[in-house]
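Both backbone and side-chain heavy atoms feed into the values below; hydrogens, waters and symmetry mates do not. Since this is a predicted model, take the numbers as computed values, not measurements.
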Amino acid sequence: MAQSLDRLKESPSQTAGPYVHIGLTPNFCGIDGVYQSDLGSTMVNSETRGERIELRIRVLDGTGTPLKDALIEIWQADASGLYNSPAEMRGPADPNFLGWGRQPSDMETDVCRFQTIKPGRVPFRDGRLMAPHITLWIVARGINIGLNTRLYFSDEEKANAEDPILARIEHRVRVPTLIAERQGDTYVFDVHLQGEKETVFFDS
């Protein structure tokens, strides 16, 4: 006899809550002894090739208020445009560059900081070169499913103009939401979740 399923109710959806930070950045949360350092907190070492840069990223809600509890992961190519991945078939990536990083927003300054390198250009699936870019995955309160976007560089105008992804964005006025502004050796980037300046997000 078939069992009736009318007692099974869907549980309410929830945001990630505090468990994202507890599980992914325990040292940041004051939980010692799980990892020597939080995974993804260090991407480079003294032997890493390429131009050293710092990323300063904020996540803003629809009112323009920075979220203090955001967590961001980044994925990028090395200085030669190669990924540190078993799927990379074009050649060996820099063994001294992780290519992936994870940082929480600072609870005081609202800023996620990454010490990394400027990536090289990577070919699109049709062979055209994409502009140097970094892929971001973002979670925070109010975000049930992680958001994916890209960060491009303000001092790469020619490469940005040639980029096949930027060229395909339907609302060209939104392209500037993907451009990080250079300030010395630092690139500053705001992710807008809603509003007129809403960042372009991509399917995961």
Side-chain angles (χ1 to χ4, degrees), residues 10-31 38-41 43 53-76 100-116 118-119 131-157 160-161 163 165-204:
E10 182 180 358
S11 60
S13 62
Q14 298 181 20
T15 60
Y19 303 108
V20 166
H21 291 78
I22 291 172
L24 298 181
T25 55
N27 289 290
F28 173 77
C29 296
I31 302 172
D38 289 333
L39 297 179
S41 60
M43 299 177 65
I53 61 171
E54 179 180 82
L55 302 180
R56 295 181 188 173
I57 305 172
R58 296 187 307 164
V59 180
L60 293 85
D61 67 15
T63 68
T65 303
L67 303 185
K68 296 178 182 290
D69 61 347
L71 184 138
I72 299 176
E73 293 186 357
I74 66 173
W75 176 251
Q76 67 171 94
W100 169 80
R102 174 191 291 155
Q103 292 287 352
S105 293
D106 184 279
M107 295 294 183
E108 299 297 326
T109 66
D110 321 315
V111 176
C112 268
R113 295 175 185 265
F114 292 89
Q115 304 297 327
T116 184
K118 197 170 188 183
H133 67 275
I134 295 175
T135 300
L136 280 66
W137 180 76
I138 303 158
V139 290
R141 59 182 164 87
I143 301 176
N144 290 324
I145 299 175
L147 299 173
N148 294 276
T149 191
R150 283 185 170 193
L151 176 159
Y152 290 84
F153 300 91
S154 61
D155 54 348
E156 295 284 350
E157 294 93 344
N160 292 343
D163 187 88
I165 299 296
L166 293 179
R168 293 176 65 174
I169 295 174
E170 293 181 9
H171 302 289
R172 297 289 295 166
V173 71
R174 294 179 63 196
V175 168
T177 68
L178 300 179
I179 308 297
E181 293 297 325
R182 182 158 198 165
Q183 298 178 3
D185 295 331
T186 300
Y187 288 89
V188 178
F189 187 64
D190 286 346
V191 178
H192 297 264
L193 299 182
Q194 293 179 338
E196 293 183 2
K197 293 183 179 181
E198 182 177 351
T199 299
V200 176
F201 297 107
F202 300 90
D203 292 334
S204 57

So Ile74 and Leu136, side chain to side chain contact (heavy atoms under 4.5 Å, CB included) or not? Walk me through it. CA-CA 5 Å; Ile74 66 173; Leu136 280 66; 4.1 Å; yes
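With hydrogens and angles ignored, the 3.5 Å screen pairs no side-chain donor or acceptor of Asn160 with any backbone N or O of Tyr152. Listed for the Asp106 side chain is no donor-acceptor partner under 3.5 Å among the backbone atoms of Val111. No donor-acceptor distance shorter than 3.5 angstrom exists from the side chain of Gln103 to the backbone of Leu71, with no hydrogens or angles considered. Using modelled atom types, one side-chain atom of Asp163 and one backbone atom of Leu166 make a donor-acceptor pair closer than 3.5 Å. Looking only at distances, no side-chain donor or acceptor of Arg174 sits under 3.5 Å from a matching main-chain atom of Pro176.
To the nearest 0.5 Å, atom CG of residue Leu193 and atom OG1 of residue Thr199 are 7.5 Å apart. Remark: Ile138 CD1 to Ile145 CD1 distance equals 14.5 Å, nearest 0.5 Å. To the nearest 0.5 Å, atom CD of residue Glu156 and atom CD1 of residue Ile179 are 10.0 Å apart. Here the CD1 atom belonging to Ile134 is positioned 7.0 Å from the CD1 atom belonging to Ile57, to the nearest 0.5 angstrom. Annotation: the span from Glu198 atom CD to Thr149 atom OG1 amounts to 10.0 Å, rounded to 0.5 Å. Taking CZ from Phe114 and CD1 from Ile53, the interatomic distance works out to 11.5 Å, rounded to the nearest 0.5 Å.
With sequence neighbours left out, the side chain to side chain donor-acceptor pair (under 3.5 Å) criterion links Gln115 to Glu54. In this structure, the side chain to side chain contact (heavy atoms under 4.5 Å, CB included) partners of Ser105, at least two apart in sequence or on a different chain, are Ala70, Cys112. Legend: residues meeting side chain to side chain donor-acceptor pair (under 3.5 Å) with Gln76, ordered by chain and number and at least two apart, are Thr116. By the side chain to side chain contact (heavy atoms under 4.5 Å, CB included) test, Leu39 pairs with Tyr35, Trp100, Arg102, sequence neighbours left out. Take Tyr187 and apply the ring pair (Phe, Tyr, Trp, His ring centres under 6.0 Å) test, not counting sequence neighbours, and it matches Phe153. Lys68 meets the side chain to side chain contact (heavy atoms under 4.5 Å, CB included) test with Met107, Asp110; sequence neighbours excluded. Residues meeting the side chain to side chain contact (heavy atoms under 4.5 Å, CB included) test with Asp61, sequence neighbours left out: Thr63, Thr65, Leu67.
Summarising the geometry of Gly146 relative to Trp137, their closest heavy-atom pair is CA-NE1, 3.3 Å, with the distance given to 0.1 Å. Between His133 and Thr135, the closest heavy-atom pair is CD2-OG1, 4.1 Å. The heavy-atom pair separating Leu60 from Gly64 by the smallest distance is CD2-O, 3.1 Å. Between Pro26 and Leu24, the shortest heavy-atom distance links the atoms CD-C, 3.4 Å. Taking both residues in full, the closest heavy atoms of Val200 and Thr177 are given as N-OG1, 3.3 Å, listed atom of the first, atom of the second, then distance.
Between Leu178 and the options Ile169, Leu151, Val191, a side-chain contact (heavy atoms from CB on, under 4.5 Å) holds for only Ile169.
Contact of the Trp75 side chain with the Glu73 side chain is not registered, since no non-hydrogen atoms from C-beta on lie closer than 4.5 Å. Annotation: side chain of Ile165 is in contact with side chain of Phe202 (closest heavy-atom distance under 4.5 Å).
Residue pairs satisfying the salt bridge (charged side-chain N to carboxylate O under 4.0 Å, His left out) criterion with at least one member in residues 187-196, sequence neighbours excluded, are listed as follows: Arg58-Asp190.
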